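Let me begin by presenting the structure, written as structure tokens, before commenting on it.
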Amino acid sequence: MKMRIFVPRDAGAIAVGADDVVAALELAAAKRDLPIQIIRTGSRGLYWLEPMVEVATVKGRVAYGPVSPADVPSLFEAVASDGPHALRLGVADEIPWLKRQTRLTFARCGVIDPRSLDDYRAHGGYRGFERALSLAPDAVLADLTTSGLRGRGGAGFPTGIKWKTVAQTRASRKYIVCNADEGDSGTFADRMIMEGDPFVVIEGMTVAGITVGASKGYIYIRSEYPHAVEAMNAAIAAAKRGGFLGTRIGGSTHSFDLEVRVGAGAYVCGEETSLLESLEGRRGIVRAKPPLPAHKGLFGKPTVINNVLSFAAIPFILDNGAKAYADFGMGRSRGTMPIQLAGNIRFGGLFETAFGVTLGELVDDIGGGTFTGRPVRAVQVGGPLGAYFPRTLFDTPFDYEAFAVRDGLIGHGGVVVFDDTVDMAKQARFAMEFCAIESCGKCTPCRIGSTRGVETIDRIRRGERVAENLAVVEDLCNTMKFGSLCALGGFTPYPVMSALKHFKEDFGAAPTHLQAGIGGSSCP
Ligand SMILES: Cc1cc2nc3c(=O)[nH]c(=O)nc-3n(C[C@H](O)[C@H](O)[C@H](O)COP(=O)(O)O)c2cc1C
Ligand code: SF4
């Protein structure tokens with residue numbers, strides 16, 4: 001019998017040598033005349049252990065990592081003798097970092113072959129779709145509302161309400177659009193699921209189509225994600241061959257088709273109306289709302305636009321019931337959140353868990369503190385528009401409302417850690433500079449305010465009339481917050497003001513906490 005070996009084809013694993021490990025495995029097996037079957041999976045999300053290789057045994061899939069091509073001969077010997085190996089991690093499902101997660105959305109990621117529709121179906125795929133087919137659209141909408149699912153793209157808008165609005169709007173055509181622009185710093189969950197379990201995104205979008213009465217969908221993927229584009233295209237082709245896309249899908253009377261579109265490379269193209277402009281072939285500029293995309297979206301037609309993770313949560317909800325999802329979480333944040341731990345962190349990766357885990361647990365316990373071993377000083381949650389949290393706020397639970405109360409946001413679930421060498425005035429300047437570079441230019445507070453913000457923070461950093469310039473920054477932030485058309489200009493004040501509020505000592509000619517001679521970068 002062939003030895004079954006699983007190696008991720010995830011871009012993160014490939015970046016650290018997964019393809020070279022596959023080549024070494026093939027070569028070593030050929031030399032030994034050992035029949036093997038290599039199955040390329042997604043990543044389990046334990047990135048410090050990539051490339052992680054799993055070997056099927058009677059005990060389950062035994063994992064080894066991080067594996068380099070040089071480790072392959074000794075790895076074969078260890079597998080043959082069921083003996084110890086320095087890189088042996090035990091049965092993959094039992095690895096504590098994985099075991100303590102609640103994987104509802106990412107249950108199959110790293111487990112199945114993302115190119116195989118049969119593997120997807122063998123692991124519960126398309127059961128949610130089949131249930132949706134058996135229900136009236138109103139019942140699907142009721143389930144979605146009961147589940148409490150809120151959009152995972154950042155704004156946290158209730159998905160059930162959005163779908164209901166589109167379902168109730170009369171039109172000759174409607175569209176489903178998946179927002180896979182994933183521009184937030186420190187985020188990679190959309191990419192991971194598209195590469196590791198693309199059918200779950202397709203299934204979620206298909207359910208949206210049959211529920212609101214749309215027969216066409218688009219997946220807008222950022223151009224920096226070529227592996228995700230390839231994975232989604234391969235899965236769409238397989239779903240078409242299997243009768244799950246096209247006409248009379250799943251033997252029903254419904255038609256639904258999907259197409260991948262590659263983004264042009266602008267952060268603002270992740271903003272939903274700007275994304276629709278880009279999809280229509282124009283420059284990505286934000287549209288004024290109303291009308292909402294749910295009423296007048298793509299090509300002026302009612303459109304459901306959701307984040308990748310929002311669509312990917314749908315199959316579980318329909319398959320297992322709304323209550324099974326809503327049972328997890330806290331307050332109005334129901335279900336689980338695929339949290340992405342990044343930056344200067346020891347155990348970086350994807351950690352899916354119920355809402356309610358505290359920031360301190362995430363950073364110190366699950367993340368293991370900083371990669372450099374220095375003390376954690378600041379954590380930015382929610383991408384480039386998210387606030388910086390100091391240690392004193394580490395008791396904040398991961399929950400939309402709890403973060404908002406503390407002038408922060410959870411956004412798309414990105415957590416970026418900085419050690420005590422970080423210069424927070426520099427980070428505040430970066431926030432303004434990012435906004436200036438990425439601004440679509442439609443409104444003045446964002447277009448002009450961000451550039452004035454950079455100049456003013458530069459003056460503060462040079463020690464010029466610090467108190468007066470700090471007042472100018474605050475004034476600029478208020479103008480941007482209340483006067484901008486979209487959240488790019490409107491939320492840039494969050495990182496700036498939080499840096500000012502919690503790390504005021506850094507704003508002046510020389511940050512006082514760096515005067516003791518701590519130097520270097522805050523990231524590994
Ligand atoms: C500047 C800016 C960038 C955004 N980038 C993304 C993105 O990359 N991905 C995403 O899903 N949502 C992004 N959003 C949020 C979208 O506008 C929108 O809220 C989301 O696609 C709705 O889907 P959801 O309800 O499933 O979250 C961005 C918003 C702004 C203002
Ligand atoms: S806030 Fe910035 S990105 Fe948003 S519409 Fe105004 S100029 Fe464009």
Side-chain angles (χ1 to χ4, degrees), residues 2-32 34 36-57 60-79 85-93 95 97-98 103 106 108-116 119-120 182 187-199 221-222 224-235 338 340-342 345-351 371 524:
K2 281 185 180 171
M3 182 192 290
R4 283 160 57 83
I5 306 175
F6 301 82
V7 187
R9 59 160 17 121
D10 172 278
I14 290 173
V16 289
D19 287 348
D20 296 338
V21 171
V22 167
L25 284 166
E26 282 168 346
L27 196 69
K31 267 192 191 160
R32 287 171 166 73
L34 188 71
I36 62 166
Q37 182 192 1
I38 296 181
I39 298 127
R40 302 301 298 268
T41 60
S43 172
R44 300 252 196 182
L46 290 70
Y47 278 110
W48 73 99
L49 294 175
E50 293 291 3
M52 193 163 105
V53 171
E54 296 175 28
V55 181
T57 73
R61 276 159 63 167
V62 175
Y64 299 83
V67 176
S68 73
D71 298 316
V72 167
S74 62
L75 196 144
F76 269 132
E77 276 156 34
V79 171
H85 191 281
L87 302 179
R88 188 180 159 122
L89 304 161
V91 174
D93 291 326
I95 297 173
W97 208 83
L98 204 50
R103 288 208 163 189
F106 277 76
R108 280 175 292 255
C109 194
V111 177
I112 63 163
D113 173 358
R115 299 285 192 275
S116 166
D119 210 3
Y120 180 65
E182 194 162 59
T187 64
F188 45 84
D190 293 351
R191 180 191 60 69
M192 258 186 79
I193 199 102
M194 287 190 288
E195 291 176 5
D197 192 9
F199 293 107
I221 306 180
R222 63 181 302 161
E224 296 88 339
Y225 282 178
H227 298 86
V229 170
E230 195 190 327
M232 288 306 314
N233 276 326
Q340 299 125 88
L341 301 176
I345 193 156
R346 197 160 157 220
F347 303 128
L350 183 118
F351 197 92
F371 181 81

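What you see is a predicted model, and the numbers here were worked out from it, not measured in a lab. Values reported hereafter were calculated over all heavy atoms of this structure, with side chains retained and with hydrogens, waters and symmetry mates removed.
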Check side chain to side chain donor-acceptor pair (under 3.5 Å) between [X] and all other residues, then give those that pass, not counting sequence neighbours.
| X | result |
| --- | --- |
| D20 | none |
| Y64 | none |
| D19 | R40 |

*asked:* One pair to check against side-chain contact (heavy atoms from CB on, under 4.5 Å): I38 and E26. What are the steps and the verdict?
replied: CA-CA 8 Å; I38 296 181; E26 282 168 346; 3.8 Å; yes

*Counting N and O atoms only, with roles assigned by atom type, does the side chain of Q340 sit under 3.5 Å from a partner on the main chain of P338, one being a donor and the other an acceptor?*
yes

*Hey, does the side chain of R108 reach the backbone of D197 with a donor-acceptor pair shorter than 3.5 angstrom?*
no

Tell me, do [X] and [Y] make a side-chain contact under 4.5 Å, heavy atoms counted?
| X | Y | answer |
| --- | --- | --- |
| R61 | T41 | yes |
| L89 | L49 | yes |
| L341 | R346 | no |
| P198 | M232 | yes |
| P73 | R32 | yes |
| R44 | C109 | no |
| V79 | R88 | no |
| D190 | R222 | no |

Of all heavy-atom pairs between [X] and [Y], which one has the smallest distance, and what is that distance?
| X | Y | value |
| --- | --- | --- |
| E182 | A189 | OE2-N, 3.1 Å |
| W97 | L350 | CZ3-O, 3.3 Å |
| A29 | I36 | CB-CD1, 3.6 Å |
| H85 | S74 | NE2-OG, 2.9 Å |
| A28 | F76 | CB-CE1, 3.5 Å |

Without placing hydrogens or testing angles, list every side-chain donor-acceptor pair under 3.5 Å for residues 3-14, not counting sequence neighbours.
residue : atom : partner : partner atom : Å
R4      : NH1  : Q37     : OE1          : 3.4
D10     : OD1  : G12     : N            : 2.6
D10     : OD1  : A13     : N            : 3.3
D10     : OD1  : Y47     : OH           : 3.0
D10     : OD1  : R191    : NH1          : 3.4
D10     : OD2  : Y47     : OH           : 3.0
D10     : OD2  : R191    : NH1          : 3.0

*Quick one: side-chain contact (heavy atoms from CB on, under 4.5 Å) partners of S68, sequence neighbours excluded?*
A70, D71

_Centre-to-centre under 6.0 Å for W48 and F371, is that the case here?_
no

*Nearest 0.5 Å please: distance from the CE atom of M52 over to the OG atom of S43.*
7.5 Å

*Roughly how far apart are L25 CG and L75 CG, rounded to 0.5 Å?*
7.0 Å

*Taking salt bridge (Lys or Arg N to Asp or Glu O under 4.0 Å) as the test, write out the residues that go with R115, two or more places apart.*
E230

